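Worksheet: one structure, shown below.
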Amino acid sequence: MDNTPICTRFAPSPTGYMHIGNLRTALYAYLLARSTGGRFIVRIEDTDRERLVEGAVDVILDTLKVTGIDYDEGPVIGGPNGPYVQSERKEIYRKYAEELVARGYAYYCFCSEERLAALHEENGPGGGYDRHCRSLSPEEVKANLDAGLPYVIRQKIPLAGTTTYFDEVFGEISMENADMQDQILLKADGYPTYNFAHVVDDYLMGVTHVVRGSEYLTSTPKYVLLYDAFGWERPHYCHLPLLMGKDADGKISKLSKRHGAVSFQDLVRAGYLPAAIVNYIALLGWCPRNTNQEIFSLDELKELFSVEGINKSPAVFDYEKLRWFNSEYIKAMPDDEYAKLAVPAVKAAVGENADCEKLASLLHSRLSSFGDIPEAVAFIKDRLPMEDPAALYTNKKNKTTPEVCLGILREVLPLLEEKTDSAGWDNDSLFELLKTYADGKGLKAGAVMWAVRIAVARQAVTPGGATEIMTVLGREESLSRIALAIEELERTGE
Ligand code: GLU
């Protein structure tokens with residue numbers, strides 16, 4: 001593809017939440033436009049009145065805002081090709097549908113619901129419409145219209161021949177015309193179908209590249225026939241590969257709730273950063289050339305993105321990989337920005353008694369998701385039951401055993417108790433105290449730290465060292481946990 005500025009659009013139906021697949025479509029369409037310095041439009045496709053969900057448009061627009069996907073034309077901001085909500089464009093579609101009838105590419109259909117239902121029954125789900133009204137004479141049509149009979153307008157698909165179009169990702173796609181239905185363009189309620197409305201809008205809005213999910217790959221021949229019928233230049237098509245999830249048995253199937261969170265909102269609620277989500281999904285079906293780089297800012301993506309890098313094979317959403325991206329983005333967050341998100345979550349998990357700022361900062365380099373905070377800090381809030389104390393107190397490198405630890409704890413407890421001034425209960429002083437003790441005893445500092453850390457944390461993996469955890473816990477709780485550890489070790493040693 002050359003680099004002439006193009007125009008793409010994101011055309012969601014407001015049916016509730018922002019599925020990751022939809023967000024990926026929005027992102028790819030956006031990046032493609034931006035990579036050429038082109039235009040990006042947002043259009044709300046709400047002509048299926050039965051599927052409307054209140055508030056859904058806000059969810060879509062909020063998601064775009066939070067992810068940094070800005071648009072040049074669309075709802076709220078408007079633009080020269082508005083309105084950008086299909087329900088506000090009803091009369092436009094009627095005019096174009098009637099024009100198609102006049103040109104002989106569409107026809108009025110007066111078949112009743114009952115007749116269609118009976119046909120459906122007779123022919124089965126794939127059977128479709130029998131083109132009954134296609135051969136009505138102009139006089140019959142006029143009489144029916146004058147009598148006020150309800151009608152739909154259907155596309156008159158050629159009865160023979162093949163329709164072919166070129167998809168930028170999937171290549172040439174062909175369909176026998178005989179295999180296509182005379183689809184409805186305008187419904188009896190006066191609303192257009194998606195099949196018709198999006199074609200008219202894409203044309204009127206100057207969309208040059210239609211980017212969307214591959215579920216539309218095989219219906220696109222019908223859409224290109226509409227372009228041809230109007231005498232409009234066909235747009236370029238870029239259908240995106242399917243998004244799959246991994247099932248428990250290792251097989252893959254269409255990404256759905258049973259694989260995990262599938263909406264942008266649920267992922268954010270689970271503790272993922274919008275920028276990490278965007279970075280990850282940018283690579284779910286697209287691959288930059290000549291680089292192994294994985295972390296990309298939106299600006300970098302805008303530069304690099306190209307149709308050539310889009311894969312046609314299905315992309316599998318890997319939650320572990322998303323966690324990796326998220327951990328990288330959390331690590332890269334400036335401390336104050338990180339604290340704004342992490343401290344409230346830590347406070348909610350452990351209460352106000354512990355030093356939550358300190359605890360949050362200890363976790364900064366260790367979190368894969370903000371949703372992991374409650375589990376990561378549970379040991380601060382509660383004295384966890386020690387499942388296997390012997391194993392916990394044993395550390396080869398520092399040569400500790402439960403007995404060695406007991407000896408250490410017995411001796412450091414009174415030293416720590418001497419620190420009566422809680423202002424002196426800080427990391428440096430505590431470290432100094434334990435180090436001095438270790439040196440005096442000819443012990444490895446690591447052994448002393450090990451014993452104390454296990455005694456106060458009561459678990460093996462902790463977000464900080466012994467003295468850091470003691471500062472988070474505070475003097476009273478730390479001393480009390482060491483006393484408890486001594487008691488427990490004495491009991492098991494008896
Ligand atoms: N409203 C359609 C959807 O949400 C848009 C498909 C398209 O982009 O053409 O699936």
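Owing to the predicted nature of the structure, the values given are computational and were not obtained by experimental measurement. Just follow the structure's listing: the first ligand is 1, and inside any ligand the first atom is 1.
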| task | Verify, without hydrogens or angle tests, whether Asp182 (side chain) and Lys156 (backbone) share a donor-acceptor contact under 3.5 angstrom. | result | no
| message | Test your reading of the model: is there a side-chain donor-acceptor pair from Asn144 to the backbone of Leu149, 3.5 Å cut-off? | response | no
| When rounded to the nearest 0.5 angstrom, what distance separates CD in Gln86 from CG in Asp201? | 4.5 Å
| Taking atom NE2 of His209 and atom NE2 of His236, what is their separation to the nearest 0.5 Å? | 4.0 Å
Write none if no such pair exists; otherwise list each N/O atom of ligand 1 with its protein N/O partner under 3.5 Å and the distance.
residue  : atom   : partner : partner atom : Å
ligand 1 : 1 (N)  : Ala11   : O            : 2.8
ligand 1 : 1 (N)  : Ser13   : OG           : 2.8
ligand 1 : 1 (N)  : Glu45   : OE1          : 2.6
ligand 1 : 4 (O)  : Ser13   : N            : 3.4
ligand 1 : 4 (O)  : Ser13   : OG           : 3.4
ligand 1 : 8 (O)  : Arg9    : NH1          : 2.6
ligand 1 : 9 (O)  : Arg9    : NH1          : 3.4
ligand 1 : 9 (O)  : Arg9    : NH2          : 2.9
ligand 1 : 9 (O)  : Tyr194  : OH           : 2.5
ligand 1 : 9 (O)  : Arg212  : NH1          : 3.0
ligand 1 : 10 (O) : Tyr216  : OH           : 2.6

| query | Under the salt bridge (charged side-chain N to carboxylate O under 4.0 Å, His left out) rule, what pairs show up with a residue in residues 335-352, not counting sequence neighbours? | reply |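 For residues 335-352, and leaving out neighbouring residues, the salt bridge (charged side-chain N to carboxylate O under 4.0 Å, His left out) pairs sorted by first residue read Lys347-Glu357.
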| field | Over 12 foreign heavy atoms within 6.0 Å of CD, Gln293 | value |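 Check passes, neighbour count above 12.
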